[in-house]
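Report on one structure; see the data block that follows.
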Amino acid sequence: MTQYIFTVAPEQAGERVDKLLAELLEDFTRSRIQKIAESGQLLINGSPVKVNYKLKAGDEIVLHVEPPQEVDIVAEDIPLDIVYEDEEMLVVNKPQGMVVHPAAGNYSGTLVNALMAYCGDSLSGINGEKRPGILHRIDKDTSGLLLVAKTDRAHRSLAEQIKAHSLTRAYRALVHGNFKEDGGTIDAPIGRHPIDRKKMTITTIHAREAVTHFRVLERFGRFTYIECRLETGRTHQIRVHMKYIGHPLAGDPLYGPRKTLAGNGQYLHARLLGFKHPRTGKEMVFTAPLPAYFVKMLEHLRKTDQ
């Protein structure tokens, strides 16, 4: 059983406990927290509470989470681009448009459905219901490299590397506008948008540290091709940080202008992934080439937007 412990800060007083926990715990929905509370595993100052409990400054929240339960995920024979595989783990090159794990509205056609067919029972279960083997996520409309753990040992080792910020992650992105500088660092905390719950935003309220380093690769008239390296891995981090500095991603109307470059999503590709092998400790680095639609757009901009 995993235990999460928080002490309520003065500025968090008055919030519902389920709402606050859903903001603090990125992988937990309010509905999941509500189910845990119904089983008596959500405690405030040592006593079980209902999810509508209004928090007071200084309250101690303890959330007990049972090991993941067996779930009925339908294995689907979906082709996968496997960049690397051994008995401990996989590195997968996810195409743009594929959802990583099943959720409301996307219970089939996901990476997890494909992995269930490809790996069978050889996937770790640490991350909980409906996410076997998944260590980190990229958005549906982001392409590129993802780590998948086959064993719980690999999962723990790789998750620790992510937590310690020792995992190397480099993305290629096409953004609106032209940079004056050749590179820089964005250090701005990210939290859930207070009104639009589908979006993240720069905020100091229930936020988590977020650091992105970027450098310019190529300049066009209206767009810039850049590389981003992540110190942290927050939801929508690059998309939110680029909007924050006035250079939203091309093809991303959620965080940028509605009229943007044609395509099926943002021009963002997880190109490089580096880590230590969970068993041998050997340094491993993998890269994935830009997808064809991205290459085609860059070629178009070189001809028309200089």
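Numbers here are sequence positions counted from 1.
- Shown here is Ile205, whose CD1 atom has no more than 12 heavy atoms of other residues, nucleotides or ligands within 6.0 Å.
- For the pair Val51 and Ile33, the tightest heavy-atom approach, listed with the atom from each and the gap, is CG1-O, 4.2 Å.
- When atom types are taken as modelled, the side chain of Glu15 and the backbone of Gln12 share no donor-acceptor pair closer than 3.5 angstrom.
- Shortest non-hydrogen contact noted between Thr212 and Cys228 is CG2-CB, 4.0 Å.
- When atom types are taken as modelled, the side chain of His241 and the backbone of Ala188 share a donor-acceptor pair closer than 3.5 angstrom.
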Intermediate values then yes/no, side-chain contact (heavy atoms from CB on, under 4.5 Å), Met297 and Leu261:
CA-CA 9 Å; Met297 182 55 69; Leu261 288 179; 3.9 Å; yes

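- For the pair Val62 and Gln3, the tightest heavy-atom approach, listed with the atom from each and the gap, is CG1-CG, 3.7 Å.
- Across all their heavy atoms, Asp59 and Tyr53 have their closest contact at OD2-OH, 2.9 Å.
- Contact of the Ile44 side chain with the Val8 side chain is not registered, since no non-hydrogen atoms from C-beta on lie closer than 4.5 Å.
- Proximity of a side-chain donor or acceptor of Asn113 to a complementary backbone N or O of Ala75 within less than 3.5 Å is not detected.
- If you take CG on Leu42 and OG on Ser47, they are separated by 11.0 Å, rounding to the nearest 0.5 Å.
- Residues Leu298 and Leu290 are in side-chain contact: their nearest non-hydrogen atoms beyond the backbone lie under 4.5 Å apart.
- Expressed to the nearest 0.5 Å, how far CZ of Arg271 lies from CG of Leu268 amounts to 13.5 Å.
- Annotation: Tyr244, atom OH; neighbour count of heavy atoms from other residues, nucleotides and ligands within 6.0 Å does not exceed 12.
- In the hydrophobic clustering of ILVMFWY residues, with side-chain heavy atoms under 4.5 Å counting as a link, Ile238 and Ile202 come out together.
- Between Tyr255 and His236, the ring-plane angle classifies as perpendicular under the 30° and 60° cut-offs.
- Within a 6.0 Å sphere centred on CG of Asp77, heavy atoms belonging to other residues, nucleotides or ligands number 12 at most.
- Under the 4.0 Å criterion applied to side-chain N and carboxylate O atoms, Glu88 and Lys150 are not assigned as salt-bridge partners.
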As a quick check of understanding, evaluate salt bridge (charged side-chain N to carboxylate O under 4.0 Å, His left out) for Arg219 and Asp182, giving each step before the final call.
CA-CA 10 Å; Arg219 288 182 168 88; Asp182 292 328; 3.2 Å; yes

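- The hydrophobic cluster containing Ile162 also contains Leu145, counting ILVMFWY residues as joined when their side-chain heavy atoms lie under 4.5 angstrom apart, directly or transitively.
- At a threshold of 4.5 Å between side-chain heavy atoms, the hydrophobic network of Ile, Leu, Val, Met, Phe, Trp and Tyr places Leu272 and Phe214 in two separate groups.
- Within the 4.5 Å cutoff, side-chain heavy atoms of Leu25 are placed close to those of Leu63.
- Atom NZ of Lys94 and atom CZ of Arg137 lie 12.5 Å apart (nearest 0.5 Å).
- Salt bridge status for Lys303 with Glu299: absent, with no side-chain N to carboxylate O gap under 4.0 Å.
- Using a 4.5 Å cut-off on side-chain heavy atoms (C-beta onward), Val92 and Ile82 make contact.
- A donor-acceptor pair shorter than 3.5 Å cannot be found between the side chains of His101 and Thr110.
- Between atom CG of residue Leu43 and atom CD1 of residue Ile36 there is a gap of 11.5 Å, rounded to the nearest 0.5 Å.
- Among residue pairs with one or both ends in residues 242-254, those qualifying as salt bridge (charged side-chain N to carboxylate O under 4.0 Å, His left out) are Arg239-Asp252; sequence neighbours excluded.
- Checked against the 6.0 Å centroid threshold, His269 and Tyr171 do not count as a close aromatic pair.
- With contacts defined as side-chain heavy-atom distances shorter than 4.5 Å, the pair Met116/Val74 does not qualify.
- Of all heavy-atom pairs between Gly177 and Thr224, the closest is O-OG1, 2.6 Å.
- The closest donor-acceptor contact from the side chain of His247 to the backbone of His176 lies under 3.5 Å.
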Under the criterion side-chain contact (heavy atoms from CB on, under 4.5 Å), I'd like the reasoning laid out for Leu167 against Leu147: C-alpha separation, chi angles, the key distance, then a yes or no.
CA-CA 11 Å; Leu167 202 79; Leu147 270 173; 3.9 Å; yes

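- At a threshold of 4.0 Å, the pair Lys35-Asp18 does not count as salt-bridged, since none of the basic side-chain nitrogens sits closer than that to a carboxylate oxygen.
- When all heavy atoms of Ala210 and Thr232 are compared, the pair lying nearest together is CA-OG1, 3.1 Å.
- Taken together through direct or relayed side-chain contacts under 4.5 Å among Ile, Leu, Val, Met, Phe, Trp and Tyr, Leu254 and Ile245 form part of one hydrophobic cluster.
- Taking NE2 of His277 as the reference point, atom CD of Glu283 lies at 12.5 Å (rounded to 0.5 Å).
- For the pair Thr260 (side chain) and Pro253 (backbone), a donor-acceptor distance under 3.5 Å is absent.
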Let me see the working for Cys119 and Val148 under side-chain contact (heavy atoms from CB on, under 4.5 Å), right down to the final yes or no.
CA-CA 11 Å; Cys119 298; Val148 179; 5.8 Å; no

Please walk me through it: do Val91 and Phe275 pass side-chain contact (heavy atoms from CB on, under 4.5 Å)?
CA-CA 11 Å; Val91 178; Phe275 54 92; 4.1 Å; yes

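- No side-chain heavy atom of Thr168 sits less than 4.5 Å from a side-chain heavy atom of Val285.
- Partners of Asp141 under the salt bridge (charged side-chain N to carboxylate O under 4.0 Å, His left out) rule, at least two apart in sequence or in another chain, do not exist in this structure.
- Judged as a salt bridge (charged side-chain N to carboxylate O under 4.0 Å, His left out), and not counting sequence neighbours, Arg169 has no contacts.
- Between the OG atom in Ser157 and the CZ atom in Arg279 there is a gap of 11.5 Å [rounded to 0.5 Å].
- One hydrophobic cluster, built from ILVMFWY side chains closer than 4.5 Å, holds both Tyr293 and Tyr225.
- Annotation for Lys199: atom NZ counts as buried by contact number, over 12 foreign heavy atoms lying within 6.0 Å.
- No donor-acceptor distance shorter than 3.5 angstrom exists from the side chain of Glu76 to the backbone of Ala117, with no hydrogens or angles considered.
- Two residues are said to be in side-chain contact when any heavy atoms from C-beta on lie closer than 4.5 Å; Met284 and Tyr84 meet this criterion.
- Contact annotation: the side chain of Met89 approaches that of Pro278 to within less than 4.5 Å [non-hydrogen atoms, C-beta and beyond].
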